[in-house]
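Note that the structure is predicted; figures quoted are calculated from it, not measured.
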Amino acid sequence: MPDLQSLLQHAQQMQADMAQAQADMAAAEFTGHAGSGLVQATVSGDGQLKALVIDPSVVDPTDVETLADLVIAAVRDATRAATESAEQTMGAMAGPPAGLDLSAFGLPTIDGFPADDDDDEFDDDDEDDAPAALPPSGA
């Protein structure tokens with residue numbers, strides 16, 4: 001039987017680590033660029049737009065659409081960087097801790113989970129799963 005106290009402490013530490021990682025991500029800032037750096041957008045790790053820098057040379061009152069496109073592209077670039085960083089940070093924490101053996105609980109090891117069991121039982125394109133037609137009303 002595994003040491004339940006140790007398992008509980010480990011779970012609490014993982015929870016604290018996850019909360020700290022989320023706080024760190026929210027405080028982090030990511031800058032995206034568009035138009036060879038003529039427009040720069042800075043977003044926080046939680047997706048809030050923090051700053052927008054526009055080079056005056058791209059401000060043309062007769063072509064505001066291009067400026068809008070550059071702003072959108074810069075914000076998307078910064079948001080993509082924030083998302084990738086969050087995925088890397090949180091993904092590293094999502095896996096099971098090394099050396100955690102749950103076999104005493106009757107659970108399989110991580111290596112025991114199939115990546116894709118090709119089970120068609122819940123396949124969305126299976127026409128046999130369609131509900132039967134309802135009888136006409138009044139019947």
Using only heavy-atom distances, determine whether the side chains of Thr66 and Asp69 contain a donor-acceptor pair under 3.5 Å.
no
How would you list all residue pairs meeting side-chain hydrogen bond (donor to acceptor under 3.5 Å, both in side chains) that involve residues 45-59, not counting sequence neighbours?
Ser44-Asp46, Asp55-Ser57
Hydrophobic clustering (ILVMFWY, side-chain heavy atoms < 4.5 Å, transitive) - are Ile72 and Phe30 grouped together?
no
Can you find a pair of side-chain heavy atoms, one from Gln22 and one from Met18, that are under 4.5 Å apart?
yes
Taken in chain and number order and not counting sequence neighbours, the residues that satisfy side-chain contact (heavy atoms from CB on, under 4.5 Å) with Ile54 are Val39, Leu52, Val58, Val59, Leu67, Val71
From Asp17 atom CG to His10 atom NE2, the distance as rounded to the nearest 0.5 Å:
8.5 Å
Looking only at heavy atoms, what is the nearest atom pair of Val43 and Thr79, with distance?
CG2-N, 3.9 Å
Point-to-point distance, once rounded to the nearest 0.5 Å, from CD of Gln13 to CG of Leu8
12.0 Å
How would you list, by chain and number, every residue that makes a salt bridge (charged side-chain N to carboxylate O under 4.0 Å, His left out) with Arg80, sequence neighbours excluded?
Asp77, Glu84
side-chain hydrogen bond (donor to acceptor under 3.5 Å, both in side chains) against Ser36, all qualifying residues, sequence neighbours excluded:
none
Residue list, side-chain contact (heavy atoms from CB on, under 4.5 Å) with Val53, at least two apart or on another chain:
Gln40
Which pair of heavy atoms, one from Ala78 and one from Ala41, lies closest together, and at what distance?
CB-O, 3.5 Å
Worked check of side-chain contact (heavy atoms from CB on, under 4.5 Å) between Thr31 and Glu29:
CA-CA 7 Å; Thr31 301; Glu29 291 187 350; 5.9 Å; no
For residues Ala34 and Ala74, report the shortest heavy-atom separation together with the two atoms involved.
CB-N, 3.7 Å
Test side-chain hydrogen bond (donor to acceptor under 3.5 Å, both in side chains) applied to Thr83 - qualifying residues, sequence neighbours left out
none
With a 4.5 Å heavy-atom cut-off, do Thr89 and Met25 have their side chains touching?
yes
Flag, side chain of Ser85 to backbone of Ala81, donor-acceptor distance under 3.5 Å:
no
